[in-house]
Amino acid sequence: QVQLVESGGGLVQAGGSLRLSCAVSGRTFSRYAMGWFRQAPEKEREFVAAIAVSGTTTYYRPSVKGRFTISRDNGKNTVYLQMNSLKPEDTAVYYCAAAASVAVVRGSYDYWGQGTQVTVSS
């Protein structure tokens with residue numbers, strides 16, 4: 001079993017920054033590709049960013065590319081999402097997830113955290 005715990009969400013003004021963290025325990029973190037997804041009220045959960053096991057391959061949804069950066073620290077069993085130049089439309093609950101291989105599809109992820117709220121005010 002794999003446990004994922006997100007942290008770092010909060011309220012920020014438009015143009016501000018937040019860094020989300022996701023601590024992973026229970027299995028060997030370095031074996032899993034990691035992803036971040038988000039879900040706004042009354043909307044489907046959508047892909048945000050993903051990082052391969054090696055950390056050298058990353059993927060982003062177009063609307064966050066250039067503003068968000070996903071990274072991982074295998075020594076700390078943690079994946080991060082640095083979010084800069086935040087916009088009100090980034091407001092959502094953000095979830096981290098673990099998969100056997102890097103993917104942008106929600107269904108490819110086997111383990112999920114409980115989510116952390118990010119609210120961007122205009």
Task: side-chain contact (heavy atoms from CB on, under 4.5 Å) partner of Cys96, chosen from Trp112, Trp36, Phe37 - done: Trp36

Task: Nearest heavy atoms of Ser122 and Pro88, plus distance in Å - done: CB-CG, 3.9 Å

TODO: Spell out, yes or no, whether Ile70 and Leu86 are grouped together once hydrophobic residues are joined by side-chain heavy atoms under 4.5 Å, including indirect joins.
DONE: yes

Open item on the list: So, taking the atom named CZ in Arg31 and the one named CG in Asn74, what distance separates them when rounded to the nearest 0.5 Å?
Closed with: 12.5 Å

- [ ] Work out which heavy atom in Tyr95 is nearest to a heavy atom in Gly113; give both atom names and the distance.
- [x] CD2-O, 3.6 Å

Open item on the list: With rounding to the nearest 0.5 angstrom, report the OG1 to CZ distance, Thr69 to Arg19.
Closed with: 11.5 Å

Task: Phe29-Tyr111 co-clustered via ILVMFWY side chain contacts under 4.5 Å - done: yes

- [ ] Please list all pairs passing the side chain to side chain donor-acceptor pair (under 3.5 Å) test where one or both residues lie in residues 5-14, with sequence neighbours left out.
- [x] Glu6-Gln114

Open item on the list: With a 4.5 Å cut-off on side-chain heavy-atom distances among I, L, V, M, F, W and Y, is there a chain of contacts connecting Phe47 to Val64?
Closed with: no

Open item on the list: Among residues at least two apart in sequence or on other chains, which ones pass salt bridge (Lys or Arg N to Asp or Glu O under 4.0 Å) with Arg67?
Closed with: Asp90

Task: Rounded distance (nearest 0.5 Å) linking atom OG of Ser71 with atom CE of Met34 - done: 11.5 Å

List, one per line, each side-chain donor-acceptor pair under 3.5 Å for residues 100-109, sequence neighbours excluded.
residue	atom	partner	partner atom	Å
Tyr109	OH	Ala103	O	2.6

Task: Pair Leu81-Tyr94, side chain to side chain contact (heavy atoms under 4.5 Å, CB included): steps then yes or no - done: CA-CA 10 Å; Leu81 185 67; Tyr94 282 71; 4.2 Å; yes

Open item on the list: Do Leu20 and Leu4 land in one hydrophobic cluster if side-chain heavy atoms of ILVMFWY residues count as linked below 4.5 Å?
Closed with: yes

Open item on the list: Would the distance check show the side chain of Thr91 and the main-chain N or O of Val120 forming a donor-acceptor pair, the cut-off being under 3.5 Å?
Closed with: yes

Open item on the list: My understanding is that only residues two or more places apart in sequence, or in another chain, count here; which of them pass ring-ring contact (aromatic ring centres under 6.0 Å, His included) with Tyr80?
Closed with: none

Task: Pairs flagged by salt bridge (Lys or Arg N to Asp or Glu O under 4.0 Å) wherever residues 44-55 is involved - sequence neighbours left out - done: Arg38-Glu46, Glu46-Arg61

Open item on the list: Side-chain heavy atoms nearer than 4.5 Å, only ILVMFWY residues, links allowed to pass through others: does that put Val79 and Leu18 together?
Closed with: yes

Task: Taking every non-hydrogen atom, the tightest pair across Tyr32 and Thr28 - done: CD1-O, 3.3 Å

Task: Qualifying salt bridge (Lys or Arg N to Asp or Glu O under 4.0 Å) pairs, either residue in residues 71-88, two or more places apart - done: none

- [ ] Look at atom OH of Tyr60 and say whether more than 12 heavy atoms of other residues, nucleotides or ligands are closer to it than 6.0 Å.
- [x] yes

